Amino acid sequence: IEFSERLSYFGIATSLIIYLTKVIHQDLKTAARSVNYWAGVTTLMPLFGGFIADAYLGRFFTVLCSTIVYLLGLILLTMSWFVPSLKACEGDVCAEPRKAHEVAFFLAIYLISIGTGGHKPSLESFGADQFDDDYPQERKNKMSFFNWWNSGLCSGLLLGVTVIVYVQDHVNWGIADIILTVVMASSLLIFIIGRPYYRYRMPSGSPLTPMLQVLVAAISKRKLPHPSNPADLYEVPNSQKAQGRLLCHTKKLKFLDRAAIVEEKENSFEKQDPWRLVTVTKVEEMKLVLNMIPIWLATLPFGICVAQAATFFIKQGVIMNRNIGGFLIPPASIYSLAAIGMITSVIIYEKILVPILRKATGNERGIKILQRIGIGMLFSIATMIVAALVEKKRLGAVKKDPVNGSLSMSVFWLAPQFLIIGAGDGFALVGLQEYFYDQVPDSMRSLGIAFYLSVIGAANFLSSLLITLVDHVTEKGGKSWFGKDLNSSRLDNFYWLLAIMTMANLLLFVFVAKRYSYKNVQSLAVANCNEDDHDAAGSMA
């Protein structure tokens, strides 16, 4: 079902800027902003969907309901092409599309956004739930799960940006929408048939309530002295734990520890007021969420770099030479190179690097999650540098020959930047998925995947904001970097700006990562917490 979602998403997303400029007749800046807004909503909606899944519906039913909404969006998208009253115009070429078509089109793609909001965080976390962390082999299999999950997604991406985009380009958009609708409907049916064989985790209520309880209890006990021995803080034994795992105490954010101080009038063996006394585990879960905020913020510039691949990179491909032996490559199909780069990097990482690094470092993952994300950020810097150099060369060709300058360069000049960003995704995006799933409290794992997606969503909005800001500033300076078309723009300067921003941000990320403390779960057999091992896990080489 995730394969079908990625097939549909990338079949639409990679060609969206082309549809908006050719059919809806938006200019380049407006179309890029529209794509960024839609991508932003699509990747921020999972915050709401993940909350609903964790708190109320459960992951299976959230996937089921959201996939139905997604399917309705695809059906409306198909209708906007074939139903006479919803078509863009009567003929094949539109001077200006009907308002009814615009309304139907945008309603359809935002229904897809809503569907993605529930589907994306719930399905991935539901898949990871099929592995039990308490068993070493299953825990190792879960680490590999995120790598192979993304390889499967890339397969959907590859077909989306090749087969679906080819149909859009050489047949019509309506037939492509029919294919996507049929594939999604078939996947939904298969998902429902598999229901008896899944492992389920029951929703545990709002994950925000325990965090508020920690905050209220800590404030109410703010004048109490901090105990010298963390063992004096309140915790329930493993045998009495209803669900989830116990976490070890950490030394950071000590103010919150006051929420677990047992006062003289409180008996730790009696049922306690959860707004007055909470367990060490609840306090540590609050710390986990707070510690994620700097990491989330430090990954946003990487997300801005990723956003360029689906907008300006694709638009560059439109005006370059796409003819290969008489076959005209659809411009969005060049995005398939990013998928190839990602699949290649994931396979090399999983099959070659991880076994070697496990032996060298003694870490089950080979390297720590934040180290993997940092390596991906290095690739994003390299992507922007290469993109700037290629665009500078293209603009030089246009200067020599304003009419056919771009056509003198093959679209495969863009291949290096797509391959590099794809390889970077294999490190950073997969690392972010694993980080946000693994490091959130056990009751918030759908929200954890949503946090990962929100990085990309917020980055798309920031990309739009940055484009607007740079456009305004450079226009005041004489000439905007974003003209009516690419030939009158200076995307190379914009790419250099992103490279410098991401480079500076990487230094900040390393600083934050070195001080990060990973989740430390108590052993099932004994309540054993090794503070030294826990602190060591937070370092980034």
Side-chain angles (χ1 to χ4, degrees), residues 13 16-18 20-21 24-41 43-44 294 296-320 377-399 402 405-406 414 417 420-421 424 454-509 511:
L16 185 55
I17 194 167
I18 299 169
L20 292 173
T21 51
I24 307 293
H25 295 296
Q26 292 184 347
D27 60 42
L28 179 63
K29 284 183 290 189
T30 306
R33 279 197 292 264
S34 296
V35 173
N36 283 327
Y37 288 144
W38 177 73
V41 170
T43 43
L44 285 177
W296 188 89
L297 291 171
T299 54
L300 290 176
F302 165 78
I304 293 175
C305 292
V306 171
Q308 309 315 309
T311 52
F312 290 131
F313 285 12
I314 298 294
K315 195 61 182 174
Q316 284 174 276
V318 172
I319 60 174
M320 297 175 79
M377 289 182 175
L378 285 172
F379 277 94
S380 69
I381 295 169
T383 300
M384 291 300 106
I385 292 172
V386 170
L389 294 173
V390 171
E391 178 63 4
K392 179 70 175 176
K393 180 176 177 60
R394 191 193 68 80
L395 289 174
V398 169
K399 189 174 182 180
S406 284
L414 300 177
Q417 62 204 60
I420 296 169
I421 197 68
S454 71
V455 170
I456 307 302
N460 275 284
F461 282 117
L462 286 174
S463 179
S464 293
L465 182 63
L466 186 62
I467 289 169
T468 303
L469 182 63
V470 170
D471 179 43
H472 179 71
V473 171
T474 54
E475 192 171 36
K476 276 190 171 182
K479 184 182 179 184
S480 171
W481 287 358
F482 304 100
K484 291 185 177 180
D485 54 41
L486 287 182
N487 291 343
S488 60
S489 302
R490 289 302 305 268
L491 282 187
D492 57 327
N493 290 342
F494 183 61
Y495 292 152
W496 280 118
L497 175 64
L498 290 180
I500 293 167
M501 286 173 55
T502 311
M503 211 176 299
N505 177 75
L506 180 59
L507 299 176
L508 174 64
F509 178 81
F511 175 82

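Note that the structure is a prediction, hence the values are computed from the model and not measured.
- Counting heavy atoms from C-beta outward, Gln308 and Ile421 have side chains that stay 4.5 Å or more apart.
- Proximity of a side-chain donor or acceptor of Thr299 to a complementary backbone N or O of Trp296 within less than 3.5 Å is detected.
- Taking the six-membered ring where the residue is Trp, the centroids of Phe313 and Tyr495 are separated by under 6.0 Å.
- Side-chain atoms of Phe509 and Met377, non-hydrogen and from C-beta on, do get closer than 4.5 Å to each other.
- Of the inter-residue distances, the one linking Thr383 atom OG1 with Ile420 atom CD1 reads 5.0 Å to the nearest 0.5 angstrom.
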Check step by step if side-chain contact (heavy atoms from CB on, under 4.5 Å) holds for Met384 and Met503. CA-CA 10 Å; Met384 291 300 106; Met503 211 176 299; over 6 Å; no
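- Between the side chain of Ser480 and the main chain of Phe482, a donor-acceptor pair closer than 3.5 Å is present.
- Considering every non-hydrogen atom in both Ala499 and Ile385, the closest pair reads CB-CG1, 4.0 Å.
- No side-chain heavy atom of Leu300 sits less than 4.5 Å from a side-chain heavy atom of Phe461.
- Applying the side-chain contact (heavy atoms from CB on, under 4.5 Å) rule to Ala307 yields the partners Asn36, Asn460, Ser463; only residues at least two apart in sequence or on another chain are considered.
- Heavy atoms only, all atoms of each residue included: Thr21 and Ile18 are closest at OG1-O, 3.0 Å.
- You'll find the side chain of Leu506 stays beyond 4.5 Å of the side chain of Phe511, heavy atoms only.
- The distance from atom OG1 of Thr311 to atom CG of Leu16, rounded to the nearest 0.5 Å, is 10.5 Å.
- Taking OG of Ser380 as the start and CG of Asn505 as the end, the distance is 8.5 Å to the nearest 0.5 Å.
- A donor-acceptor pair is defined here as one N or O able to donate and one able to accept, closer than 3.5 Å; such a pair exists between the side chain of Ser489 and the backbone of Gly483.
- For the atom pair CD1 (Ile319) and CG (Leu486), the distance works out to 4.5 Å, reported to the nearest 0.5 Å.
- A donor-acceptor pair shorter than 3.5 Å cannot be found between the side chains of Asp471 and Thr468.
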Walk me through whether Arg394 and Ser406 qualify under side-chain hydrogen bond (donor to acceptor under 3.5 Å, both in side chains). CA-CA 6 Å; Arg394 191 193 68 80; Ser406 284; 2.5 Å; yes
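- Here the side chains of Val455 and Phe302 are not in contact, with every heavy-atom distance at 4.5 Å or above.
- Between the side chain of Asp492 and the main chain of Glu391, no donor-acceptor pair closer than 3.5 Å is present.
- Rounding to the nearest 0.5 Å places CG of Leu491 at 12.0 Å from CG of Leu497.
- Residues Thr474 and Lys479 fail the side-chain proximity criterion, which asks for heavy atoms closer than 4.5 Å.
- Expressed to the nearest 0.5 Å, how far CG of Asn487 lies from NZ of Lys399 amounts to 13.5 Å.
- Using a 4.5 Å heavy-atom threshold, the side chains of Leu498 and Leu466 count as touching.
- Side-chain contact between Leu395 and Arg490 is present, with at least one heavy-atom pair separated by less than 4.5 Å.
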